[in-house]
Amino acid sequence: EDKVVQSPLSLVVHEGDTVTLNCSYEVTNFRSLLWYKQEKKAPTFLFMLTSSGIEKKSGRLSSILDKKELFSILNITATQTGDSAIYLCYISNFGNEKLTFGTGTRLTIIP
Amino acid sequence: NAGVTQTPKFRVLKTGQSMTLLCAQDMNHEYMYWYRQDPGMGLRLIHYSVGEGTTAKGEVPDGYNVSRLKKQNFLLGLESAAPSQTSVYFCASSSYPSTGYYTEAFFGQGTRLTVV
């Protein structure tokens with residue numbers, strides 16, 4: 001059975017800190033891993049990763065995938081209160097379009 | 001661009017009542033999904049569809065039924081609502097993946113359902 005595990009489940013840091021969120025997976029026929037940010041309503045897309053070792057970057061956020069060790073990390077530098085959200089990753093795999101979500105990491109940034 | 005639209009946005013049901021949530025997308029996506037999200041938790045897949053006329057069970061299908069009679073619409077039904085179904089429901093859609101091309105899932109804004 002496909003499995004996606006995110007860690008930590010919850011994280012509280014001070015504004016300005018750097019955080020690293022982890023998404024580990026065990027799926028068959030992996031195609032891509034996607035990161036989403038969810039504040040009050042629907043999740044919004046951050047990154048899609050398909051190849052190992054290629055960093056995706058957007059402002060203070062960056063993410064990288066390791067297909068050998070089966071995980072991805074999402075880094076946020078110089079955190080701001082607006083980064084407080086649930087961060088979700090999901091896996092898309094060939095032949096099975098279930099879009100398996102991880103458990104999510106709840107990030108809280110304290111001013 | 002409407003994207004993915006869910007109706008209604010809020011609903012309160014009594015235990016045992018039935019209702020249908022509608023998800024409509026205007027992006028010609030093949031795949032559509034229904035998720036539920038409980039407080040402080042991630043998304044759990046209820047049912048999904050890979051095309052018109054087809055549906056499949058996700059992680060938590062019990063107590064729900066779905067239909068995909070038209071490509072653009074994916075309906076989620078609760079035949080006999082229970083308090084355990086109090087949750088926020090999200091619909092999503094994505095495009096058919098061809099070699100070297102894939103899009104992210106697009107989400108509706110959610111339906112907050114309370115069963116009392």
Side-chain angles (χ1 to χ4, degrees), chain A residues 1-12 21-25 27 29-51 56 58 63 65 84-108, chain B residues 2-7 9-10 23 25 27 29-51 54-61 66 68 74 88-112:
Chain A
E1 187 177 319
D2 295 341
K3 193 194 293 190
V4 181
V5 178
Q6 290 185 244
S7 61
L9 290 180
S10 180
L11 185 59
V12 180
L21 311 183
N22 185 286
C23 176
S24 301
Y25 62 91
V27 300
N29 300 319
F30 172 92
R31 174 169 49 211
S32 57
L33 183 150
L34 293 89
W35 283 98
Y36 278 73
K37 176 183 181 182
Q38 185 179 22
E39 296 173 88
K40 291 186 178 175
K41 290 200 172 178
T44 54
F45 173 72
L46 293 175
F47 299 111
M48 180 166 70
L49 304 157
T50 55
S51 302
K56 293 282 182 91
S58 175
S63 184
L65 174 68
S84 294
I86 296 175
Y87 289 84
L88 299 160
C89 77
Y90 81 71
I91 305 294
S92 169
N93 46 351
F94 288 103
N96 179 3
E97 292 302 331
K98 281 189 178 181
L99 297 188
T100 305
F101 273 90
T103 46
T105 293
R106 178 177 287 276
L107 176 64
T108 303
Chain B
V4 180
T5 304
Q6 289 181 232
T7 52
K9 290 186 170 46
F10 302 94
C23 177
Q25 52 95 4
M27 297 172 283
H29 285 171
E30 283 76 13
Y31 296 155
M32 295 186 75
Y33 311 84
W34 275 107
Y35 293 91
R36 63 177 285 173
Q37 186 174 39
D38 299 308
M41 295 180 66
L43 296 163
R44 291 187 292 169
L45 182 64
I46 305 172
H47 287 279
Y48 66 105
S49 167
V50 300
T54 72
T55 63
K57 292 180 181 180
E59 302 170 71
V60 288
V66 288
R68 184 102 181 264
F74 194 29
V88 179
Y89 292 84
F90 287 101
C91 173
S93 72
S94 63
S95 72
Y96 187 86
S98 57
T99 302
Y101 175 77
Y102 182 71
T103 70
E104 71 274 23
F106 293 80
F107 284 84
Q109 287 302 299
T111 296
R112 184 174 294 278

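Per chain, numbering begins at 1; letters A, B, ... match sequence-line order. Only heavy atoms go into these numbers, but all of them, side chains included; no hydrogens, no water, no symmetry mates.
Contact detail for A/Ala42 and B/Gly108: the closest heavy-atom pair is CB-O, 2.8 Å. When every heavy atom of B/Ala105 is checked against every heavy atom of A/Tyr36, the shortest pair comes out as O-OH, 2.5 Å.
At a 4.5 Å heavy-atom cutoff, the contact between B/Gln37 and chain A is made by side-chain atoms alone. For B/Lys9, no part lies near chain A; criterion is any non-hydrogen pair under 4.5 Å. Contacts between A/Gln38 and chain B at a heavy-atom distance below 4.5 Å involve the side chain alone, from C-beta outward.
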Worked verdict on B/Phe106 versus A/Phe45 for ring pair (Phe, Tyr, Trp, His ring centres under 6.0 Å): CA-CA 8 Å; B/Phe106 293 80; A/Phe45 173 72; 8.2 Å; no
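Taken from CZ in A/Phe101 to CZ in B/Phe90, the straight-line distance is 10.0 Å, to the nearest 0.5 Å. To the nearest 0.5 Å, the span separating CG on A/Leu46 from CD on B/Glu104 amounts to 10.5 Å.
Applying the 6.0 Å contact sphere to CZ of B/Arg68 captures more than 12 heavy atoms from other residues, nucleotides or ligands.
A donor-acceptor pair under 3.5 Å is absent between the side-chain atoms of A/Tyr90 and the main chain of B/Leu43, judged by distance alone.
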